[in-house]
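Below: one structure, written as structure tokens.
The figures here come from the full heavy-atom set of this structure, side chains too, leaving out hydrogens, waters and symmetry mates. Quick note on labels: first sequence line is chain A, next is B, and so on, each numbered from 1.
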Protein chains: 2
Amino acid sequence: MGRSTMRDVSRAVGLSMFTVSQALSGAVGVSEESRQRVLKTARELGYIPNRAAQELRRANRDSVAVITASTSNSYYLDLMSGIQQALRPSNWTVVVGDVAVDGAYDERLEDRMVQRLIESRMAGVISTLTLRPENAELLASWDIPVVFVDSSPPENAKNFPSVTTDNYNASLVVGQHLADHGYKDWLLLVYPAKWSTRFDRERGLVEAARRHGAELVVLESENDAVSAHSTLAAYLDRAGRLPHVLIAGNNPLLLGALKLLRERSITIPADIAVVGYDEFAWAPLLDPPLTVLNERSEEIGRRAAQTLAGIIEAQAEAEKQGQSKSPLYRPEYQQQVAAELVIRKSCGCGHAHQPGIPKVTP
Amino acid sequence: MGRSTMRDVSRAVGLSMFTVSQALSGAVGVSEESRQRVLKTARELGYIPNRAAQELRRANRDSVAVITASTSNSYYLDLMSGIQQALRPSNWTVVVGDVAVDGAYDERLEDRMVQRLIESRMAGVISTLTLRPENAELLASWDIPVVFVDSSPPENAKNFPSVTTDNYNASLVVGQHLADHGYKDWLLLVYPAKWSTRFDRERGLVEAARRHGAELVVLESENDAVSAHSTLAAYLDRAGRLPHVLIAGNNPLLLGALKLLRERSITIPADIAVVGYDEFAWAPLLDPPLTVLNERSEEIGRRAAQTLAGIIEAQAEAEKQGQSKSPLYRPEYQQQVAAELVIRKSCGCGHAHQPGIPKVTP
DNA sequence: CAAGGCTTCATAATCGTTTAGGTAAGTAAC
DNA sequence: GTTACTTACCTAAACGATTATGAAGCCTTG
């Protein structure tokens, strides 16, 4: 039991390794009788192929990597679920590589991770963060296709595929809703630009504020709850008054902000309205139920995986025909998924007393 | 740039492949001058080793796998973080394999996953669920060490290492607290026995109920929020009255239960007290703040990884000395981590009107 | 019945590393 | 000056699969 090679099977069954290989891989050119004998012997011997040997010899790989910087964000679970769903039928292995240490993104870890992925000659990469230009280039020079999710390609690789929320329009929707409430004084608590979704989220909100004649303050914090808490605390102390509404750039920041508001007994939405950017399971159960954007991460994951699979397939096809094996990126690979605003209570809806200028509840 | 082999480096630098290999791997027996020349050439050529070739040739592998059945549980993130933390220094690759499809555990997927792990000749496995006996045996026959986290080893592998919460005592603590509140009518909403933590959680609660003269009903649901919701709804309809307290076996079930209570406008803790089994970031912000057990998943992950690393190391040592390479499992590898009860409001603490027999708030 | 086409299987090269088993030169010991 | 030991390097055999090339046997077919 265990630890037998194809040679062992070959000897035991009295057929050449060629025949055994063909039989096991389900190829044609082997008689049904031989195939059955091979399969039986292999089972009896407990033969399990050595993947390293297969990969070394074979041209095409069958693993794709997902690069994350776990901001302990649970949207990541949905994303993975979508990716797995799309890739399961094709029977590919998905490995996830985290480039965060203690919850914080680490540049050297990203370098090491990319190095590793190339060492393993991955078939493709899905990245949840904008890679460093060097790394994008490196992957490109090894003809490994990359799809960005919820992040934009780096400067030197603008044509790389990406699947993101339509953050700009999402922000416009948020802004519209805030304006409907009559809020004029907005505070956006946001993560650093390293996470490139920030750009469109902020841009949309700036535009919305302009359109509706509202004042928008952008407050940057590190991308975790603890930083969000202290950054916001410092800001509120400095400002000496509450804005009408707080918009949290993502869930870790939302968490930090809500903790602070609770500590200071600031009630939502009476004293300040709150809107978040990521839907999550507990949102309807919080106090008050939170109004958030639904990013549909699962859909994003699914699309990203499908896009990647398509590229890899095309790549294999091209190589078979002797053409360049570098991945072909079509413009339509850059997709945006519309988000919807899930309106609950924290924005002030269904609440009589609202922060700022009181107005009719929409 | 890209795609050069060690042979290319060897030719370019004018040294044998042996020397190049030695130089790159940092082994002794190469002059400093040669090493520098090799390194420089390798860098210029953009040489990146082929891991498949390395793994094929090398005796020892350097990847460990984590098997999960994503119950979309966010405790999983903490667990991974702990594992990564413990394994990062040793520079090992961690791959996670999910054996759930659409959030539900799938037996055939488990089989396929184990097959895959053996194909890749993994150095070790950390499993968050009790594996099927066949699979445990299979891994054992390939001398691949397995550590179970938050789950017990299967029947045929009782001696396998495991790191779990001390669920029995945790349940006693919960029971004690409920008794302090004067609750006599307990309802435990719990997942199927496939997740083996159920056994001790239930056993502890049964014992606590006996000690304190309370009535305990155990209600089993599938391991997801939707099932929990419908199972609980059906039960409440049948029972026609509310228990004094609802204990949710884990977070997905808690989520489903809370949704139902909210739908039916049952208020916590006035109408029914609620206690959960997994601490999570949003717990203090819910309405009301939830009383839950803190499992300390990160600590569990860390310990599991350390245990696994120790076993693999010992295994390598034993093999070097010509002894059996099958992993050695010491009894003390079975560890339990104490959980603490984080008391907030949902249990009735700090609330005047309590469900059931009113008593002094402890 | 010769020629050609299938079907079924075998031989052996190949993938890109690591490493056991050398060798040649230089140094130290006696 | 021989012997013994180091140091720095090389040659070539693995590792365990896939697959290009081809051969033997049998079946058609004109």
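Sorted by first and then second residue, the side chain to side chain donor-acceptor pair (under 3.5 Å) pairs involving residues 88-99 of chain A (not counting sequence neighbours) are A:T68-A:D98, A:N91-B:R112, A:T93-B:R116.
For D:dG16, the OP1/OP2 oxygens have no side-chain nitrogen or oxygen of A:R7 closer than 4.0 Å.
One atom, CG of B:L45, and another, C1' of C:dG16, lie 15 Å apart when rounded to the nearest Å. Atom CE of B:M6 and atom P of C:dT14 are 20 Å apart (whole Å). A straight line from CG of B:D8 to P of C:dG16 spans 9 Å, rounded to a whole angstrom. If you take CZ of A:R51 and C1' of D:dC15, they are 17 Å apart, rounded to a whole angstrom. Between the CD atom of A:Q54 and the P atom of D:dC15 there is a distance of 17 Å, given to the nearest Å. Put simply, CG on A:L24 is 8 Å from P on D:dT18, counting in whole angstrom units. Computed from coordinates, the B:N50 CG to C:dT18 C1' distance equals 13 Å when rounded to whole Å. Between B:R58 atom CZ and C:dT19 atom P the separation is 7 Å, expressed in whole Å.
Listed nucleotides C:dT18, C:dG16, D:dG16 differ in distance to A:A53; the shortest reach to its side chain belongs to D:dG16.
Taking the six-membered ring for Trp and thresholds of 30 and 60 degrees, A:F160 and A:F148 have ring planes inclined between 30 and 60 degrees apart.
For B:Q85 (side chain) and B:R302 (main-chain N/O), no donor-acceptor pair under 3.5 Å exists by modelled atom type.
Salt bridge present: B:E110 and B:K194 bring a charged side-chain N and a carboxylate O closer than 4.0 Å. Between B:R3 and B:D8 there is no salt bridge, since none of the side-chain N atoms of the basic residue sits less than 4.0 Å from a carboxylate O of the acidic one. Ion pairing between a basic and an acidic side chain is recognised when a charged N comes within 4.0 Å of a carboxylate O; B:R35 and B:E32 show such pairing. At a threshold of 4.0 Å, the pair B:E44-B:R37 does not count as salt-bridged, since none of the basic side-chain nitrogens sits closer than that to a carboxylate oxygen.
For C:dT14, the base has a donor-acceptor partner in the side chain of A:R57 [N/O atoms by modelled type, under 3.5 angstrom].
Where B:L56 and B:Q22 meet DNA chain C, the nucleotide closest to each residue was compared, and B:L56 sits on the side nearer the 5' end.
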Got a list of protein N/O to nucleotides 9-12 of chain C N/O distances below 3.5 Å?
unit_1	atom_1	unit_2	atom_2	d
C:dC9	OP1	A:S31	OG	3.4
C:dC9	OP1	A:S34	OG	2.6
C:dC9	OP2	A:S31	N	2.9
C:dC9	OP2	A:S31	OG	3.2
C:dC9	OP2	A:S34	OG	3.2
C:dA10	OP2	A:S16	N	2.5
C:dA10	OP2	A:S16	OG	2.9
C:dA10	OP2	A:T19	OG1	2.9

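Nucleic acid contact for B:T5: sugar-phosphate only, since backbone atoms but no base atoms lie under 4.0 Å from a heavy atom of the residue.
Comparing the axis of the opening five pairs of the helix from C:dC1-D:dG30 to C:dC30-D:dG1 with that of the closing five pairs yields an angle of 40°, rounded to 10°.
Side-chain contact of A:Q334 with A:S162: a donor-acceptor pair under 3.5 Å is absent, judged by distance alone. For the residue pair A:Q335 / A:T307, a side-chain donor-acceptor distance below 3.5 Å is found, with atom types taken as modelled.
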